Amino acid sequence: TKTYEYVKVEQRGRVGIVTLHRPKALNALCSPLMKDLNDALRAFDSDDSVGAMVVTGSEKAFAAGADIKEMKDLEFVSNYTKNFLADWTGITSIRKPIIAAVNGFALGGGCEVAMMCDMIYAGDKAKFGQPEIKLGTIPGAGGSQRLTSLVGKSKSMDMILTGVMMDAVEAERAGLVARIFPADKLLDESVKAASVIASYSLPSVMMAKEAVNKSLELSLAEGLHLERRLFQATFATEDQKEGMAAFAEKREPAFKHK
Ligand code: CO8
């Protein structure tokens with residue numbers, strides 16, 4: 001496995017784990033860290049022995065945001081001509097499922113990276129926030145868009161306009177977080193869930209992810225059309241035959257991911 005400066009990678013069974021590792025700055029997302037994160041996820045995405053991924057940080061911080069010290073002297077013209085932040089969206093082109101396992105702070109770009117993943121599992125001490133307004137700026141990597149579709153307009157406005165943080169319980173109640181675990185169990189539980197996903201037919205898992213993500217962009221009619229076509233397409237896989245035969249024969253399926 002390749003090694004990186006700002007992330008650690010590990011594979012457990014069919015699960016690829018990427019741990020953000022910049023402890024001195026609470027995993028502040030400097031450009032080289034974002035490059036390492038994207039490269040590590042892409043490597044797992046194209047690795048046939050991996051079926052799902054977990055992205056995590058440390059117990060104190062998932063990530064405390066974009067690197068403020070790196071960002072503070074940037075100017076509009078170079079932001080625009082170099083399209084600052086455009087490369088952040090690499091995570092959203094990963095096609096296998098990604099669970100964000102969030103302990104501690106997920107602030108600004110950290111919260112945005114977590115929301116680019118497919119679901120968020122939180123440790124019970126996690127804190128989510130979009131505090132950019134306190135720095136004289138606004139969310140720039142999807143905060144105003146993804147947060148609003150996850151928690152609704154009023155809570156999104158509250159977080160983005162006041163900079164107030166949400167704790168794990170509130171974030172779960174609001175729909176930002178899928179499940180909460182004790183902080184020290186979070187990674188193992190996230191890997192366990194990712195292993196369950198990775199045990200299922202990979203083409204169907206990828207189609208399911210694609211269908212859910214498209215629901216956020218397409219009209220209902222277009223979304224239902226896409227879903228029905230993808231559903232029909234699963235019948236071209238050996239795994240659909242195996243899954244349904246196993247049910248009829250009262251045995252466990254043995255998926256081959258094809
Ligand atoms: N950028 C750079 N360095 C950081 C960041 C950051 N976002 N967050 C923490 N650090 C550094 C601190 O400067 C400190 O370094 P040093 O020891 O050299 O002084 C070290 O990490 C430890 O931090 P603290 O001493 O502050 O730790 P505390 O436990 O006292 O506080 C907090 C923890 C509350 C998380 C605090 O560090 C904090 O408020 N951090 C900033 C949070 C923030 O404002 N995040 C939003 C950033 S803006 C953003 O994300 C814009 C997104 C737009 C898209 C992306 C653009 C690239």
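In each ligand, atom 1 is the first atom listed, and ligand 1 is the first ligand listed. Owing to the predicted nature of the structure, the values given are computational and were not obtained by experimental measurement.
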N/O donor-acceptor pair under 3.5 Å between Asn83 side chain and Ala86 backbone: no
Using distance alone, determine whether Trp88 and ligand 1 share an N or O pair under 3.5 Å. no
Would you check whether Glu112 reaches within less than 4.0 Å of ligand 1, judged by its heavy atoms? yes
Please state which protein non-hydrogen atom is closest to atom 54 (C) of ligand 1 and give its distance, to 0.1 Å? Leu85 CD1, 3.3 Å
Is atom 10 (N) of ligand 1 less than 4.0 angstrom from at least one protein heavy atom? yes
Any N or O on Phe105 sitting closer than 3.5 Å to an N or O of ligand 1? no
Within a strict 4.5 Å, meaning less than it, do heavy atoms of the Arg146 and Thr92 side chains meet? yes
Test your reading of the model: is there a side-chain donor-acceptor pair from Lys96 to the backbone of Phe44, 3.5 Å cut-off? yes
May I ask you to list the atoms of ligand 1 that are less than 4.0 angstrom from any heavy atom of Pro131? 43 (C), 44 (O), 45 (N), 46 (C)
Keeping the roles fixed (side chain from Gln130, backbone from Gly143), state whether a donor-acceptor pair exists under 3.5 Å. no
Where is the nearest protein heavy atom to atom 12 (C) of ligand 1: which residue, which atom, and how far? Lys69 NZ, 4.0 Å
Starting from atom 48 (S) of ligand 1, find the nearest protein heavy-atom neighbour and note its residue, name and distance. Leu135 CD1, 3.6 Å
Salt bridge (Lys or Arg N to Asp or Glu O under 4.0 Å) contacts in which one or both residues fall within residues 198-209, not counting sequence neighbours: Asp118-Lys209
Among protein heavy atoms, which sits nearest to atom 21 (O) of ligand 1, and what does the distance come to when rounded to 0.1 Å? Ala25 CA, 3.3 Å
Closest to atom 45 (N) of ligand 1 (heavy atoms only, candidates Gly163, Gly104, Ala64, Gly140) is Ala64
Donor-acceptor under 3.5 Å (Arg22 side chain, Ala28 main chain): yes
Does the distance from a Lys or Arg side-chain N to an Asp or Glu carboxylate O, for Arg179 and Glu189, drop under 4.0 Å? no
Is there side-chain contact between Gln11 and Val50, with heavy atoms separated by less than 4.5 Å? yes
Quick check: does any side chain N or O of Asp158 sit under 3.5 Å from a backbone N or O of Ser154, one acting as donor and the other as acceptor? no
Residues in ring-ring contact (aromatic ring centres under 6.0 Å, His included) contact with Phe247, at least two apart in sequence or another chain: none
Looking only at distance, does Gly108 have an N or O less than 3.5 Å from an N or O of ligand 1? no
Which heavy atom of the protein is the closest neighbour of atom 37 (O) of ligand 1, given with residue, atom name and distance? Leu26 CD1, 3.6 Å
At a 4.0 Å cut-off, with the gap strictly under it, does some heavy atom of Met34 reach an atom of ligand 1? no
Below 3.5 angstrom, do we get any N/O pair linking Gly109 and ligand 1? yes
Kindly say whether Lys8 contributes a backbone atom to a donor-acceptor pair with the side chain of His21 at under 3.5 angstrom? no
For ligand 1, which atoms, with element, lie under 4.0 Å from some heavy atom of Glu132? 48 (S), 49 (C), 50 (O), 51 (C), 52 (C)
Just verifying a value: how many Å separate Ile180 CD1 and Glu172 CD, rounded to the nearest 0.5 Å? 4.5 Å
How far is atom 39 (O) of ligand 1 from the closest protein heavy atom, and which atom is that? Leu107 CD1, 4.7 Å
Say whether, by atom type as modelled, one donor and one acceptor occur between the side chain of Asn27 and the main chain of Gly57 under 3.5 angstrom. no
Side chain, backbone, both or neither: which part of Thr137 comes within less than 4.0 Å of ligand 1 when only heavy atoms are counted? neither
Using a distance threshold of 4.0 Å (strictly less than), state whether atom 56 (C) of ligand 1 has a protein heavy-atom neighbour. yes
To the nearest 0.1 Å, how far is atom 5 (C) of ligand 1 from its closest protein heavy atom, and which atom is that? Ala28 CB, 3.9 Å
Is any side-chain heavy atom of Met244 closer than 4.5 Å to one of Gln240? yes
Whether Asp45 side chain and Arg95 backbone form a donor-acceptor pair below 3.5 Å: yes
So is Lys134 touching ligand 1 or not, going by heavy atoms under 4.0 Å? no
Only heavy atoms count here, so choose which of Arg22, Gln130, Lys60 is nearest to atom 29 (O) of ligand 1. Lys60
Can you pull out the closest protein heavy atom to atom 17 (O) of ligand 1? Residue, atom name and distance to 0.1 Å, please. Lys24 O, 4.5 Å
Right, does atom 33 (C) of ligand 1 have protein non-hydrogen atoms nearer than 4.0 Å? yes
For Ala141, take its heavy atoms, then give the atoms of ligand 1 lying under 4.0 Å from any of them. 54 (C)
Going by a strict under-4.0 Å cutoff (protein heavy atoms only), does atom 26 (O) of ligand 1 have a neighbour on the protein? no
